There are 2 protein chains.
Amino acid sequence: MRSLDTLTFEDRGSPAQRERRRRILEAATALAAKGGFEQMQMRAVAEHADVALGTLYRYFPSKIHLLVSVLAQQFEVAGENLARKAVPGDTAADRVMFVLGRTTQTLQREPNLTEALTRAFMFADASVAQEIDVVAAHVRRMLLLAMREPGTPVDVPEPTEEEVAITKVIGDVWLASLVQWVTGRASAHDVATSLDVAVRLLLREPRPLA
Amino acid sequence: MRSLDTLTFEDRGSPAQRERRRRILEAATALAAKGGFEQMQMRAVAEHADVALGTLYRYFPSKIHLLVSVLAQQFEVAGENLARKAVPGDTAADRVMFVLGRTTQTLQREPNLTEALTRAFMFADASVAQEIDVVAAHVRRMLLLAMREPGTPVDVPEPTEEEVAITKVIGDVWLASLVQWVTGRASAHDVATSLDVAVRLLLREPRPLA
DNA sequence: CCCGAGACTGAAACGTGTTCTCATTATGCA
DNA sequence: TGCATAATGAGAACACGTTTCAGTCTCGGG
């Protein structure tokens, strides 16, 4: 079965097909925002998007694939917004915290949607690797952008191993915190605190060679 | 050794009930070890444990509850083994890495079981908070034990905020790495590397390394 | 314009987690 | 002991993700 959903593949197909895909993602987003993971049901998505259930499954081979694709779409928008103007903050830690705080706030404004997307992301297995990579790349890029001096291109010069390692750790902490938040095991404040601690510990200055 | 509250809960009921509970956990563990999350099916657990399906659900209100309870049990055993002798290593980082490496290795020796337990843990919602807390407490305790000088009791003196924050971050990274491993998005080596990086960054000695 | 290959639809069907029903058995108490 | 209550067993039933299938529609090549 052909997978249709990475960015490069998104533009494939006839206009009618792109339109169907758009309607499906829109319906999935709306339903997830309304009732979270459990209430975003495949039959309901198909109905709202006005496609047959079989067609929905041709476009997205599982509920998890669909939700992770929604997540990728959300991060794409967030990444674009972020790239529009320079990240404020004097130190890397400040800038990273700004980005994390802003994105986290956006996510928390739609708690049901975030719950659905986070759980899907966590439950995804190897078959969703392609979609997962899209999301991971967005996150990595956002964090690297923030760690660099404002105005510096994100990939020139190549990020150091240390920088990549730090973005990985921060991404992990962010994800784990979000999971705790969506499952009601941590408050929004707890999430902010965890991130603050992690960023302070990881990006404290001056950074001795590690 | 009854160090944690679960045991008080676990010991409730008649001998026949405790025996049923034991058989259920045993069957769940065996089935998960054999076929992972998907193949640990509730009907099969009930059959292997020789209880009716309804009874299984009276003891564990969902598959997730059951698997997280198995996880708590596993960590209890691991914690006991760990407490038996002092953690080797000259620095906190060394000792934490030792504990993480050893536990991770144990988990990776039963990949299907670990997959099942990790996914259940990640998928758990607020209704599983009690079981989740047991697991989290075990992890926190293990890491604090390793960070302290060998022989120091883990709770005397009270862990500092910084110590607790660090254990939280390390726990998050550990969990995120495990998720990536069980979903085939990272190799065992990748997990070790992630943990090593995180621990080095978080627990680097105050003075630049000698 | 027509044809054939896919794509789409509508509906049924399947698998597994979960719930429900009701008869039977175990338990604790007067 | 005998009874009220709760726990258990056996199995049907239900919900939702997923698959399948027969028929219909669409579209690009001849």
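Here is how names work: the chains are called A, B, and so on, in the same order as the sequence lines, proteins then strands, and each is numbered from 1. Nothing here was measured: the structure is a model prediction, and the numbers come from that model.
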Please report the distance, rounded to the nearest Å, between [atom1] in [X] and [atom2] in [N].
{"X": "Arg18(B)", "N": "dT27(C)", "atom1": "CZ", "atom2": "C1'", "value": "15 Å"}
{"X": "Glu19(B)", "N": "dA26(C)", "atom1": "CD", "atom2": "P", "value": "16 Å"}
{"X": "Lys63(A)", "N": "dG15(C)", "atom1": "NZ", "atom2": "C1'", "value": "16 Å"}
{"X": "Ile64(B)", "N": "dT16(C)", "atom1": "CD1", "atom2": "P", "value": "16 Å"}
{"X": "Phe60(A)", "N": "dC8(C)", "atom1": "CZ", "atom2": "P", "value": "12 Å"}
{"X": "Tyr57(A)", "N": "dC21(D)", "atom1": "OH", "atom2": "C1'", "value": "17 Å"}

- Sorted by first residue and then second, give each salt bridge (charged side-chain N to carboxylate O under 4.0 Å, His left out) pair with at least one member in residues 49-64 of chain B; sequence neighbours left out.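 Salt bridge (charged side-chain N to carboxylate O under 4.0 Å, His left out) check on residues 49-64 of chain B returns no pairs.
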- Candidate pair Arg23(A) and Glu26(A), rule salt bridge (charged side-chain N to carboxylate O under 4.0 Å, His left out), full reasoning: CA-CA 5 Å; Arg23(A) 286 205 312 268; Glu26(A) 187 182 63; over 6 Å; no
- Message: My understanding is that only residues two or more places apart in sequence, or in another chain, count here; which of them pass side chain to side chain donor-acceptor pair (under 3.5 Å) with Ser127(A)?
- Response: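 Listed in chain order: Asp125(A).
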- Task: To the nearest 0.5 Å, tell me how far Leu201(A) CG sits from Leu202(B) CG.
- Result: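 Rounded to the nearest 0.5 Å, the CG-CG separation comes to 5.5 Å.
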Taking only nitrogen or oxygen atoms into account, show me every contact under 3.5 Å that the protein makes with nucleotides 1-6 of chain D, one pair per line with its distance.
none

- Taking the side chain as C-beta and beyond, is there a heavy-atom pair between Val134(B) and Val68(B) under 4.5 Å?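 SC-SC contact between Val134(B) and Val68(B) ruled out.
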- Message: Any residue in residues 29-41 of chain B with a heavy atom nearer than 4.0 angstrom to DNA chain D? Just list them by number, or reply none.
- Response: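 Contacting residues: none.
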- If only atom types and distance count, is the side chain of Arg140(B) paired as donor or acceptor with the main-chain N or O of Val164(B) below 3.5 Å?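 Answer holds: no.
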- Message: Using a 3.5 Å distance criterion without hydrogens, assess whether the side chain of Arg95(A) forms a donor-acceptor pair with backbone atoms of Arg148(A).
- Response: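 At least one qualifying donor-acceptor pair exists.
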- Ser187(B) side chain to Asp190(B) side chain, donor-acceptor N/O pair below 3.5 angstrom: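 The criterion, which ignores hydrogens and geometry beyond distance, is satisfied for Asp190(B) and Ser187(B).
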Which pairs, protein N/O on one side and nucleotides 23-25 of chain D N/O on the other, fall under 3.5 Å?
none

- Message: I'd like to know if Asp172(B) and Lys168(B) make a salt bridge, using a cut-off of under 4.0 Å between side-chain N and carboxylate O.
- Response: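 Salt bridge flag = no for Lys168(B) with Asp172(B).
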- Can a salt bridge be assigned to the pair Glu80(B) and Arg84(B) using a cut-off of 4.0 Å between side-chain N and carboxylate O?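 Here Glu80(B) does not pair with Arg84(B) in a salt bridge, since their nearest N and O are not under 4.0 Å apart.
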- Query: Near DNA chain C, which residues from residues 118-126 of chain B have a heavy atom under 4.0 Å away?
  - Reply: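 Those residues: none at all.
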- Pairs meeting criterion side-chain hydrogen bond (donor to acceptor under 3.5 Å, both in side chains) with involvement of residues 28-49 of chain A, two or more places apart: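 Those involving residues 28-49 of chain A do not exist here.
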- Task: Return each pair, listed once, that meets side-chain hydrogen bond (donor to acceptor under 3.5 Å, both in side chains) where at least one residue sits in residues 96-105 of chain B; pairs must be two or more places apart or across chains.
- Result: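 Qualifying pairs: Thr104(B)-Trp174(B).
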- Query: Excluding sequence neighbours, so at least two apart, what forms ring-ring contact (aromatic ring centres under 6.0 Å, His included) with Phe75(A)?
  - Reply: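 Once residues adjacent in sequence are excluded, Phe75(A) has no partner under the ring-ring contact (aromatic ring centres under 6.0 Å, His included) criterion.
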- Item | salt bridge (Lys or Arg N to Asp or Glu O under 4.0 Å) against Asp94(B), all qualifying residues, sequence neighbours excluded |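 None.
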- ring-ring contact (aromatic ring centres under 6.0 Å, His included) partners of residues 17-42 of chain B, not counting sequence neighbours, each pair once: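 Counting only pairs at least two positions apart or across chains, the ring-ring contact (aromatic ring centres under 6.0 Å, His included) contacts touching residues 17-42 of chain B are Phe123(A)-Phe37(B).
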- Looking only at heavy atoms, which two atoms of Trp181(B) and Ala188(B) are closest? And how far apart?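 Reported closest heavy-atom pair: CD1-N, 3.5 Å.
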Taking only nitrogen or oxygen atoms into account, show me every contact under 3.5 Å that the protein makes with nucleotides 7-13 of chain D, one pair per line with its distance.
residue : atom : partner  : partner atom : Å
dT8(D)  : OP1  : Arg20(B) : NH1          : 2.7
dT8(D)  : OP1  : Tyr59(B) : OH           : 2.8
dT8(D)  : OP2  : Arg58(B) : NH1          : 2.7
dG9(D)  : OP2  : Ala52(B) : N            : 3.0
dG9(D)  : OP2  : Thr55(B) : OG1          : 2.7
dA13(D) : N6   : Arg43(B) : NH2          : 3.4

